[in-house]
Amino acid sequence: MSRKTDEYFKNVPMKSYDLIKEGLIVFGVVSVLIIVLAIIFSSPDYPTVRAKQIATYEPISYLQTFTDILLGKSEISNYGPPYDNDVKNTQSLFGIAPAKILGTTIPINAVNDFVIDPLTRLAVIDKNVQTSLDQFKNASSQQRQVWIDNYSKALDNATAVNGKVQIVNGDYGPLPVMMNGLLLLGRSGLLEGALQKNESPYDFYNLNYTKPLLLFQGKVYHSVAKSLNMLGEDWGIANETGNYPGAWWLWPYAFFYQIPSVSTSPNGDLEVGLIMIGLFLVLLFLPVIPILNKIPKWVKVYRIIWRDWYKR
Amino acid sequence: MNLTRKTQEVIRDNMSMEDALPTKMPIYVNSFAYIFGVITLSALGFVVITGIILAAFGPQWYHFSNAGHFVNSLHFWGVEVFFSALLAHLITKFFMAAWRDGRWKTWVIGMFAFALSIFEAYTGYLSQTNWDSQWIAVQAKDAMNALGIGGFFNTMNTGQILTLHVAVIPLILVAFVFIHLIVVRSDGPVKPLEKKDSGRKK
């Protein structure tokens with residue numbers, strides 16, 4: 001042994017041991033256990049939720065996603081950093097908002113990115129969409145607001161018949177053509193691609209799904225999550241689809257979201273994040289934290305662990 | 001100063017072949033509590049092997065291949081066993097006050113490995129390219145953004161998440177685990193608590 005271990009284990013009786021044999025036996029047993037678990041229980045793989053399905057089976061919810069964006073009341077509207085510069089909703093504690101430090105690193109303009117840009121691509125192959133888009137862009141902001149308000153209200157009372165959205169006649173300007181264009185784009189399966197495309201010379205390869213994910217993160221995703229018991233009040237991301245244990249090691253994290261004062265706080269995410277960082281620091285420095293580092297001595301579990309030693 | 005000679009001296013003082021690959025142990029190392037560390041390590045090895053197979057075939061292979069789905073199941077259950085053993089390891093080491101006699105380094109390095117494991121599992125869920133990935137990405141982004149991390153770590157940028165999951169974090173995690181093991185073997189197993197011990201770091 002080294003000088004250090006020679007000194008530490010002086011006068012301690014030793015027994016024969018085989019590290020490699022023990023390691024191989026444990027690895028073998030653990031491997032068999034995992035293989036058996038995988039054979040019996042398999043693993044979850046719930047398919048993705050795509051715009052095509054939403055546009056086909058929930059066309060009104062699909063269109064409401066876009067009208068909410070035009071109304072400025074979607075989850076991404078005025079989100080703040082890192083997506084835009086509007087900081088009034090940014091979470092802060094004691095006047096400090098960490099999100100502001102790096103600012104807008106992933107710029108998102110909800111109306112342009114989720115409505116105008118995909119329609120601009122569709123307009124290349126559909127001149128009606130081009131005409132409507134021009135009409136929308138050239139209208140005054142007041143006029144646009146009237147159309148959007150009227151269409152949005154009408155959509156609340158709309159019916160879907162054979163996948164087609166029927167709304168009562170009204171003053172909607174170019175919105176019916178635009179919305180129908182977005183609906184067709186969704187049904188064709190091309191919406192996600194249209195959202196991802198940008199003018200970068202390297203855009204042929206795109207592994208960034210920020211925009212397609214942000215678009216339906218609100219009511220649509222929540223509705224799917226609710227049906228699968230994956231909402232925040234159901235311990236959120238610590239859960240998993242199906243009857244699987246999920247990421248149970250996140251239970252302490254999910255737990256704090258169950259406390260009413262945190263779950264309703266506008267700064268809840270920041271509060272829980274800081275609590276978790278604090279708990280980690282407690283664990284990290286536990287050997288030198290008074291009282292906590294004496295708990296093992298008090299609870300005496302060590303007497304069970306080393307019971308053979310104490311019997312000597 | 002001869003750096004090579006100095007390094008030789010540090011290794012000689014802290015690690016012999018008998019320390020690294022022991023053929024004898026103190027007799028107090030005779031409890032089920034000692035098995036959780038090696039179970040954790042075995043499960044980690046299993047997860048790395050299945051992860052290499054999954055990475056070699058690409059992130060979407062397992063959706064469309066029975067063999068791929070089975071390897072994914074092995075990876076999934078490997079992670080469950082890993083975290084179960086890790087938690088048992090952490091709890092037993094806590095009740096043994098295993099940080100005594102200068103072993104606080106082992107505790108601290110282990111804690112960093114624990115935190116990295118959680119981050120690795122988190123990016124794994126985000127890399128599944130299924131509904132769970134979609135939902136976790138949009139839910140978790142708010143916490144990341146609130147903490148100011150979202151400005152450079154984007155849960156919805158699958159390219160970034162995937163390279164973190166299959167390369168960056170595993171390399172750092174395995175390095176931490178390796179250092180943890182070196183320190184464990186260099187110091188040897190901590191002596192049992194005696195009545196006069198206070199449980200504090202010495």
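In what follows, every chain begins at residue 1, and chains take the letters A, B, ... in the order their sequences are listed.
- Looking at B/S84, the atoms closer than 4.5 Å to chain A (heavy atoms on both sides) sit in the backbone and in the side chain alike.
- Looking at B/A98, neither its backbone nor its side chain comes within 4.5 Å of chain A, counting heavy atoms on both sides.
- For chain B, the nearby parts of A/V224 are the backbone and the side chain; heavy atoms of each come within less than 4.5 Å.
- Chosen from B/D13, B/V79, B/V108, the residue pairing most often with chain A at heavy-atom distances under 4.5 Å is B/D13.
- Here the side chain of B/S65 pairs no donor or acceptor atom with the backbone of B/Y62 at under 3.5 angstrom.
- By number of non-hydrogen pairs under 4.5 angstrom with chain A, the leading residue of B/L21, B/I27, B/V138 is B/I27.
- Donor-acceptor pairing under 3.5 Å is lacking for the side chains of B/H63 and B/N130.
- At a cut-off of 3.5 Å, with distance as the only test, no side-chain donor of A/Y209 or A/E192 sits close to an acceptor on the other residue.
- Neither the backbone nor the side chain of A/L24 comes within less than 4.5 Å of any heavy atom in chain B.
- Residue with the most contacts toward chain A among B/M25, B/E18, B/M17, B/Q128: B/M25 (heavy-atom pairs, distance under 4.5 Å).
- Interface remark: A/I20 contributes side-chain atoms only to the contact with chain B (heavy atom separation under 4.5 Å).
- Residue contact with chain A, scored on non-hydrogen atoms closer than 4.5 Å, is absent for B/H75.
- Each of A/L270, A/V29, A/L37, A/I101 has some count of heavy-atom pairs under 4.5 Å with chain B, and the biggest count is that of A/L37.
- Atom OH of A/Y310 has more than 12 heavy atoms from other residues, nucleotides or ligands within 6.0 Å.
- For B/D187 and A/Y8, the side-chain atoms include no donor-acceptor pair closer than 3.5 Å.
- No other option in A/D45, A/V301, A/L102 has as many heavy-atom pairs under 4.5 Å with chain B as A/D45.
- Most heavy-atom pairs under 4.5 Å with chain A, from the set B/G188, B/A43, B/G151: that is B/G151.
- Judged by distance alone, the side chains of A/W309 and B/E194 do bring a donor and an acceptor atom under 3.5 Å apart.
- A/P47 touches chain B through its backbone: at least one of N, CA, C or O sits under 4.5 Å from a heavy atom, while the side chain does not.
- Ranking B/A33, B/G148, B/A137, B/S117 against chain A, the residue ahead of the rest is B/G148, based on heavy-atom pairs under 4.5 Å.
- Between B/W131 and A/A225, the shortest heavy-atom distance links the atoms CZ2-N, 3.8 Å.
- For chain A, the nearby part of B/V81 is the side chain; its heavy atoms alone come within less than 4.5 Å.
- By number of non-hydrogen pairs under 4.5 angstrom with chain B, the leading residue of A/G28, A/G246, A/S92 is A/G246.
- Under 3.5 Å, the side chains of A/T104 and A/N85 contain a donor-acceptor pair of N or O atoms.
- In this structure, the side chains of A/M230 and B/D132 come closer than 4.5 Å at one or more pairs of heavy atoms.
- Ranking B/T155, B/V190, B/I161, B/L90 against chain A, the residue ahead of the rest is B/V190, based on heavy-atom pairs under 4.5 Å.
- At a heavy-atom cut-off of under 4.5 Å, chain A is reached by B/G45, B/F46, B/I49 from residues 44-59 of chain B, listed in order of number.
- Under the 4.5 Å side-chain criterion, counting only non-hydrogen atoms from C-beta, A/D113 is not in contact with A/I76.
- Interface remark: B/M96 contributes backbone and side-chain atoms alike to the contact with chain A (heavy atom separation under 4.5 Å).
- Of the listed residues (A/D6, A/L214, A/D18, A/L93), the greatest number of heavy-atom pairs within a distance under 4.5 Å of chain B belongs to A/L214.
- Both the backbone and the side chain of A/V49 have a heavy atom closer than 4.5 Å to some heavy atom of chain B.
- Heavy atoms closer than 4.5 Å to chain B are found in the side chain of A/V12, but not in its backbone.
- For a residue to count as touching a neighbouring chain, one of its non-hydrogen atoms must lie under 4.5 Å from one of that chain's; by this rule B/I11 does not touch chain A.
- With a 4.5 Å cut-off on non-hydrogen atoms, A/L213 touches chain B through its backbone and its side chain both.
- With hydrogens and angles left out, the side-chain atoms of B/Y28 and A/D308 include no donor and acceptor closer than 3.5 Å.
- Counting only heavy atoms from C-beta outward, the side chains of B/F152 and A/T105 never approach each other to under 4.5 Å.
- Proximity of A/M14 to B/P26: side-chain heavy atoms (C-beta onward) are separated by under 4.5 Å at one or more points.
- Side chain to side chain, B/Q139 and A/Y221 fail the donor-acceptor criterion of an N or O pair below 3.5 Å.
- Atom CG of A/D203 has more than 12 heavy atoms from other residues, nucleotides or ligands within 6.0 Å.
- With a 4.5 angstrom heavy-atom cutoff, B/F32 does not touch chain A via any of its atoms.
- Heavy-atom distances place the side chain of A/I277, and not its backbone, under 4.5 Å from chain B.
- Of all the listed residues (A/K211, A/H222, A/K21), the one sharing the greatest number of non-hydrogen pairs under 4.5 Å with chain B is A/H222.
- Residue B/F70 qualifies as enclosed at atom CZ: its count of foreign heavy atoms under 6.0 Å is above 12.
- Rounded to the nearest 0.5 Å, atoms CG (A/L274) and CD (A/Q91) are 10.0 Å apart.
- Few gaps surround CG on B/N2; more than 12 heavy atoms of other groups in view lie less than 6.0 Å from it.
- Contacts between A/I304 and chain B at a heavy-atom distance below 4.5 Å are absent for every atom of the residue.
- Heavy-atom neighbours of A/Y17 OH from other residues, nucleotides or ligands within 6.0 Å: above the threshold of 12.
- Neither the backbone nor the side chain of A/Y205 has a heavy atom closer than 4.5 Å to any heavy atom of chain B.
- Most heavy-atom pairs under 4.5 Å with chain B: of the set A/W298, A/Y83, A/F285, this distinction falls to A/Y83.
- Atom NZ of A/K52 is surrounded by 12 or fewer heavy atoms from other residues, nucleotides or ligands within 6.0 Å.
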